[in-house]
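Report on the following structure.
Note on naming: letters A, B, ... go to the chains in the order of the sequence lines (proteins, then strands), and numbering restarts at 1 for each one.
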Amino acid sequence: MEDRRIVDLFLARAEEAITALDQKYGRLCRRIAMNILGNESDAEECQADTALAVWNTVPPNEPNPLMPYVCRIARNLALDRYRYNHAARRHGAAEVLLSEIGDIVSDTAGAEDEAMASVTAAAVSDFLRGQKKEDRRLFVRRYWYGDGVEEIAREMGVSPNSASVKLHRMRARLRAFLKERGVDV
Amino acid sequence: MKREFFLEALSNIEEDLLIEANVEKDKNKTIAENKSRFLLVRIVGSVAACVVLFAGVWIASQGGFGKVMMDNAAPEAALSPDISPAEPEAGDAAGGVLNDGGDYNYKAEAFSSGSAADDVVTEQLQGVCVSTVRFSVYKNGKWRDVIRVYPDGLPAAECVVNDYLAEAGSAVRCAGVTLVKTETADVALTRDPGEDTLRGLVLAVSVITGADAVRFTAEDGTLLTIGGEAPAAGFDPEEMREK
């Protein structure tokens, strides 16, 4: 079903909107959540919570495109869940991601508000646009979608070692780029 | 900056970057799937080639293709040279396929499911306040009461449409309206949510009966005729029924 049609169903408050959304993006949302949480039941809960969140926010929002909107909700819900799990020492798959991100930011306390989040996101977007397309995809697949290095490498037709090396170099370049932009890393 | 904060901040990167990565993921999957599909095609093709080869060897061992066909042909076929194609059935109108085998002309052009017919019905129904509606159909020079719809759209009763439905449970569906023959004289009528009952009913009834025209009378006496070959307005259907 076309995204526009799904959004129309939400706007019309038709219950089949949930089914249509789940059919099209349910698996992707669960995958994103699973990559962060590493737990099937938590990931399924995130998937369901995502559908509910879309129902509660559309309207007034009319996302176009729909996919990033839905995926962003799923990711944020998964990160919230991760924080909850982490606070109680219930660790998840995001631990591996975080250990790699340690190459980019120093993990010290600093200004961490909404404004800083926007500035950081904008800077990362600008950085990625300056990269080769394959490297850009690699980075987003790894640190946004949370996919595993081996899986990404297989799908992109490169060796896992090559993908790891590329990611390592990109993290170093990103750290330098953020510093130049005045982002407190 | 804390690592968790950075990971969360990444959620706000620009959307086209997410789409690009995801589209490429699908494309890569497609490439992998195509490779598998190509391999499957090669395997199936090899098996098919083997089957053809063995079939050829077998046929040759039986004395050739002509001999095989001759041995298997039905003997009557050669003796019936004048078989002509069957006459087509009286046409299927949109949404309904009924022909009671009587002497009715099965014509429903005026009520095809195309938009032109719908527009006609809609136009003529606009502004008409209908609570009780009686449908009559004009066919072969006669008007017949077909269906009566009660005020709140409840199933119609005393419906001559039953003549056209073979057995209990058989149904005709057209334009979001379904007419189902019941065990009694009644015909149950259901409609899809949101569908206009009257519009669907006009179309469904016309399809069932193959009527040349459909007339319905509103409670306030308004008489509407839809179709091309009915008598002029003012014609009294009651008078005809008595004849």
Over 12 foreign heavy atoms within 6.0 Å of [atom1], [X]:
X: A/Glu134; atom1: CD; value: yes
X: A/Arg4; atom1: CZ; value: yes
X: A/Arg13; atom1: CZ; value: yes

Got a second to check how far [X]'s [atom1] is from [Y]'s [atom2], nearest 0.5 Å?
X: B/Asp16; Y: A/Ser125; atom1: CG; atom2: OG; value: 8.0 Å
X: A/Tyr143; Y: B/Ile13; atom1: OH; atom2: CD1; value: 13.0 Å
X: B/Lys2; Y: A/Leu98; atom1: NZ; atom2: CG; value: 11.0 Å
X: A/Arg137; Y: B/Leu17; atom1: CZ; atom2: CG; value: 12.5 Å

Is chain B contacted by the side chain of [X], its backbone, both, or neither, given a heavy-atom distance below 4.5 Å?
X: A/Leu128; answer: side chain
X: A/Ile73; answer: neither
X: A/Val183; answer: side chain
X: A/Ile104; answer: side chain

Is a donor on one side and an acceptor on the other found under 3.5 Å between the side chain of [X] and the backbone of [Y]?
X: B/Ser11; Y: A/Asn76; value: no
X: A/Tyr145; Y: B/Leu18; value: yes
X: B/Arg3; Y: A/Gly102; value: no

Self-check item: Min side-chain heavy-atom separation A/Val185-B/Phe6 under 4.5 Å
Solution: no

Quiz item: Can you find a heavy atom in the side chain of B/Asn12 that is under 4.5 Å from one in the side chain of A/Arg72?
Solution: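 Contact flag for B/Asn12/A/Arg72 side chains = yes.
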
Quiz item: So A/Arg75 and B/Leu10, side chain to side chain contact (heavy atoms under 4.5 Å, CB included) or not? Walk me through it.
Solution: CA-CA 10 Å; A/Arg75 190 176 189 270; B/Leu10 279 184; 3.8 Å; yes

Quiz item: Using 4.0 Å as the upper bound for N to carboxylate O, is an ion pair formed by B/Glu20 and A/Arg136?
Solution: yes

Self-check item: For A/Leu79 against B/Leu7, the heavy-atom pair lying closest together
Solution: CD2-CD2, 3.6 Å

Practice problem: Locate the shortest heavy-atom distance separating B/Ala9 from A/Ala121; write the atom from each residue and the value. | Solution: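 Residues B/Ala9 and A/Ala121, closest heavy atoms: O-CB, 3.4 Å.
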
Practice problem: Determine, step by step, whether A/Ile101 and B/Glu4 satisfy the side chain to side chain contact (heavy atoms under 4.5 Å, CB included) criterion, reporting the C-alpha distance in whole Å, the side-chain angles of both residues, the deciding distance to 0.1 Å, and the verdict. | Solution: CA-CA 9 Å; A/Ile101 285 173; B/Glu4 289 87 351; over 6 Å; no

